[in-house]
Amino acid sequence: MSMTSSAIRNAFLDYFASKGHQIVPSASLIPGNDATLLFTNAGMVPFKDVFLGQDPRSYSRATSAQRCVRAGGKHNDLENVGYTARHHTFFEMLGNFSFGDYFKQEAIVYAWEFLTKELCLPAEKLLVTVYASDDEAFDIWTKQIGVAPEKVIRIGDNKGAPYASDNFWAMGDTGPCGPCTEVFYDHGEHIWGGPPGSPEEDGDRFIEIWNIVFMQFNRHADGRMEPLPKPSVDTGMGLERIAAILQGVHSNYEIDTFQALIAAAAEVTGAKDLSNKSLRVIADHIRSCAFLMVDGVQPSNEGRGYVLRRIIRRAVRHGHQLGAVGAFFHKLVPALVVQMGEAYPELAAKQAVIEKLLRIEEEQFGKTLQRGLSMLQEALQQLDGKILPGDLVFKLYDTYGFPVDLTNDVAREQGFTVDQAGFDAEMAQQRQRAQQASQFGMDYNAQLSSKQVTDFTGYQHVHGNAKVQEILRDGKACQQLNDGEEALVILNQTPFYAESGGQIGDTGSLTLADGSVFRVTDTIKLGKAHAHKGKLKGQLMVGAEVQAQIDEARRQAIRQNHSATHLVHAALRAVLGEHVTQKGSLVGPDRFRFDFSHYEAISATQLQAVEVLVNQHIQANHPVQTELMNLEAAKAAGAMALFGEKYDDDVRVLTMSPFSVELCGGTHVNSTGDIGLFKIVSEGGIAAGVRRIEAMTGMQALSWLHQLEQQAQGVATAVKGDLFSIAERVQQSLERSRQLEKDLDQLKQKLASQAGSSLLEQVQLIAGSKVLITELPQVEAKALRTMLDELKNKLGSGVLLLATVNEGKISLIAGVTQDLTAKVHAGKLVGWAAEQLGGKGGGRPDMAQAGGINTDALPSVLQQAAALVEQQLSA
């Protein structure tokens, strides 16, 4: 039975929908609920909190076609991609999930029925594995499904640790896990390999196509296995693998989707051999690169952006190996949209942006290659031997992005070899540093927090009565807090906004009837609880009634700034383009910062246009409306969601006319006019492809403008002008200053020339050659070069070493005419002198400069230098 990849995807979702499963659209490749992961690398990642009981859903059964990336961190397939039949950086995982609904029996029945009835796979081609001690799963397969016992293989712990088995699945070192059962497809005796558990299991004959994980435990960092509140099911079937089987091919790269992309890659690179592995690499990489960009990732030098940059450069390098000329990779995006745009309409919506960003990255990499080649050639010319040091190869690779295999090629062509062992050692150290510094190595369970739930009333109120539910002192729960103690206080309800979405937490007070006051200095989230951080004056106990009051003026300033960030986001997209996406923000009472993706510097004209547009919408006084609606309905209505953020099924949609519609849980003004005034105070790049705006609103913005005006008035007074003639007056002053500096330099050079002429009287004749070694008082260091050149011209032949002292620092310059460089090397002479004076330097045989700091030793060193020159000239 032959089916297209698209048909298989639809058939899977339709089948499980008919079994009562909610079809859930693919989540972002940036996990919104797990800081331990670099990318979404499995179909269950978006449901992780559901399995833990932290994220209740309106459904207990779900099915999805989840896009996944494995190209960084623990799950990294990058180096194998293109060279094996089934490794990819990007793949689609078809999955069905039960959240405390059905368990082993139904999950196994569904899998078998879909494979053998819906897809019509022959049962005799399938075999099964189970965890060694999972008798229940073994019995279901053999007694209910009817699979022969010899075709159900028990797989035990074979990796030196408990639960370290191919049939005990875990997302990571911590988090949800449990035994699993897998279905394998037998490609036939003509392909080498043995069944799972055998010595030949790494062969390609038996291929896993379906994995059913029985989520039963939550593993903690100390190894403790805690039973989950509701045993659940997580399954996964790789779309590419099952498509290969149904389309009668062995390699995933032979399926319809990849064959179309490989053909497109051959066309843009000029390759003729469609079996070339470089075409596979390019076809795979365009999928991961495009979908990462769909989800807001842009090339950079760190984190996810760095992984994306590596994938792009790997694809481009393979294109160049095929003979591609110029930028080609971005030209594959239209072919990808044809193949996958129907299933993922967001891909088509961002096609133009993806093409542009890929083209820019390709062009930048082209410059990197040129720079790297120049550095490599220079290094090869300076080598004494024929071995290129591994640390240099690593520097070219790590610092400048120059591919190692290209370094090998260039070195080999010129008769050099590469110190591969040295390079490997440097790479090993880098991996160790990366693992130690990784922000993705946290314990997932360390993110879990208070089990209390706080009702947030701050959208409508700034004060209200509440009851103390929990007190946390030094991270531990306590029943009572005493005078002067600091703690986190959790209430049953609160008007205090807890820091999230870039908006900082509220401050204020919790007051008791007896006059005790808990001063709140910050509010943070602990799970679904709002924790009030502060210090107590008096006494406080769990169960006490308090009057919660926030700082209203501070909240109002924060509201103004937060609402302004939404207008800024919309204005940036209107002025710069729809590729702009928010990369972070920090909203406080005095100012806010807004980070966003953009690939080049912003002109003053563009920045001014953004500022004008925001203020126009403030003056329009649009009503600021908030509405609670279903997440998918909100997206369909055009509400912008921030990639990487986690949203509940029901979300708050903030609307400021059609100009700005976004998902946001923060606090906002009632109408845009309440913002008052908007002023950008700074803008610049903070990372590759990421820029930052800092701005103010309301009275803070007005105060900033007043300070700016006072500063400008001070400058105007100093240059005898007014506010509107400052630029002209300052320009005139600068021109006068530059002319005076020019006149002064000419005078200094004239004096230096005259001094140089008088120096000729100090020239000595040593071993038949003219030698001048002397200290020049009150001569600027930058005049030494001019003096040296004039003296060399006047001497015709000779050796010179000049020194001068300015502000406690010694400047040295040495010159040797060409006829004497075989005896006296200027670079070595000045280097020796500098070393005696506590400095360093060197240069060419005929001219070199250096510095020193030991001024007391200068007369003695110059005498020694004269003796050294005499020795060299006499040799």
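Keep in mind it's a predicted model, so treat the numbers as computed, not measured.
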K.L.:
Using a cut-off of 6.0 Å, state whether more than 12 heavy atoms not belonging to Gln731 lie near its atom CD.
P.N.:
yes

K.L.:
In Å and rounded to the nearest 0.5 Å, what is the CZ to OG distance from Arg691 to Ser597?
P.N.:
11.5 Å

K.L.:
Between Thr855 and Leu837, is the side-chain contact (heavy atoms from CB on, under 4.5 Å) condition met? List the steps.
P.N.:
CA-CA 7 Å; Thr855 56; Leu837 296 168; over 6 Å; no

K.L.:
Between Lys583 and Phe596, is NZ or CZ placed under 6.0 angstrom from the six-membered ring centre and within 45° of the ring axis?
P.N.:
no

K.L.:
Hey, is CD on Gln606 packed in by over 12 heavy atoms from elsewhere, all under 6.0 Å?
P.N.:
yes

K.L.:
Taking the side chain as everything from C-beta on, heavy atoms only, tell me whether Arg304 gets closer than 4.5 Å to Leu292.
P.N.:
no

K.L.:
Would Thr804 and Ser811 count as having a side-chain donor-acceptor pair, cut-off 3.5 Å?
P.N.:
no

K.L.:
Any side-chain donor paired with an acceptor under 3.5 Å for Asn561 and Thr697?
P.N.:
yes

K.L.:
Do you see a donor-acceptor pair shorter than 3.5 Å between the side chains of Ser860 and Gln864?
P.N.:
yes

K.L.:
So which heavy atom on Ala850 is nearest to which on Ala834, and how close?
P.N.:
CB-CB, 3.6 Å

K.L.:
Taking atom CD of Gln711 as the centre, does the number of heavy atoms from other residues, nucleotides or ligands within less than 6.0 Å exceed 12?
P.N.:
no

K.L.:
Where does the angle between the aromatic ring planes of Phe394 and Phe423 fall among parallel (under 30°), tilted (30 to 60°) and perpendicular (over 60°)?
P.N.:
tilted

K.L.:
Are the side chains of Asp419 and Val393 in contact, using a 4.5 Å heavy-atom criterion?
P.N.:
no

K.L.:
Do you know which two heavy atoms are closest between Ala814 and Val830, and how far apart they sit?
P.N.:
CB-CB, 4.0 Å

K.L.:
Could you grab the distance from atom CG of Leu784 to atom NZ of Lys782, nearest 0.5 Å is fine?
P.N.:
12.0 Å

K.L.:
If you compare all heavy atoms of Glu775 against all heavy atoms of Leu862, which two are closest, and at what distance to 0.1 Å?
P.N.:
N-CD1, 3.8 Å

K.L.:
Do Met847 and Ile813 come within less than 4.5 Å of each other through their side chains, counting heavy atoms only?
P.N.:
yes

K.L.:
Less than 4.0 angstrom from a charged side-chain N to a carboxylate O is my criterion; do Asp391 and Lys395 meet it?
P.N.:
no

K.L.:
Work out which heavy atom in Ile504 is nearest to a heavy atom in Gly588; give both atom names and the distance.
P.N.:
CD1-CA, 3.8 Å

K.L.:
Working note: Leu765 + Lys770, criterion side-chain contact (heavy atoms from CB on, under 4.5 Å); need CA distance, chi angles, decisive distance, verdict.
P.N.:
CA-CA 5 Å; Leu765 196 64; Lys770 300 172 185 177; 4.3 Å; yes

K.L.:
Mind listing the closest non-hydrogen atom pair of Ser288 and Thr89 along with its distance?
P.N.:
OG-OG1, 2.9 Å

K.L.:
Working to the nearest 0.5 Å, report the span between CG of Leu380 and NZ of Lys386.
P.N.:
8.5 Å

K.L.:
Return yes when atom CD of Gln420 has more than 12 non-hydrogen atoms of other residues, nucleotides or ligands closer than 6.0 Å, and no otherwise.
P.N.:
yes

K.L.:
Is there a side-chain contact (heavy atoms from CB on, under 4.5 Å) between Glu709 and Leu705 once you walk through the steps?
P.N.:
CA-CA 6 Å; Glu709 184 180 17; Leu705 288 172; over 6 Å; no

K.L.:
Within the 4.5 Å heavy-atom criterion, are Ser874 and Ile766 side-chain neighbours or not?
P.N.:
no

K.L.:
So Leu376 and Leu388, do their side chains get closer than 4.5 Å, heavy atoms only?
P.N.:
yes

K.L.:
Could you tell me whether Arg359 and Glu355 have a side-chain N and a carboxylate O separated by less than 4.0 Å?
P.N.:
no

K.L.:
Could you please spell out the steps behind the side-chain contact (heavy atoms from CB on, under 4.5 Å) verdict for Val353 and Met293?
P.N.:
CA-CA 9 Å; Val353 173; Met293 287 181 168; over 6 Å; no

K.L.:
Do the side chains of Leu723 and Gln713 get nearer than 4.5 Å, heavy atoms only?
P.N.:
yes

K.L.:
Can you find a heavy atom in the side chain of Leu791 that is under 4.5 Å from one in the side chain of Val763?
P.N.:
no

K.L.:
If I compare all heavy atoms of Phe329 with all of Cys289, which pair ends up nearest, and what's the gap?
P.N.:
CE2-SG, 3.9 Å

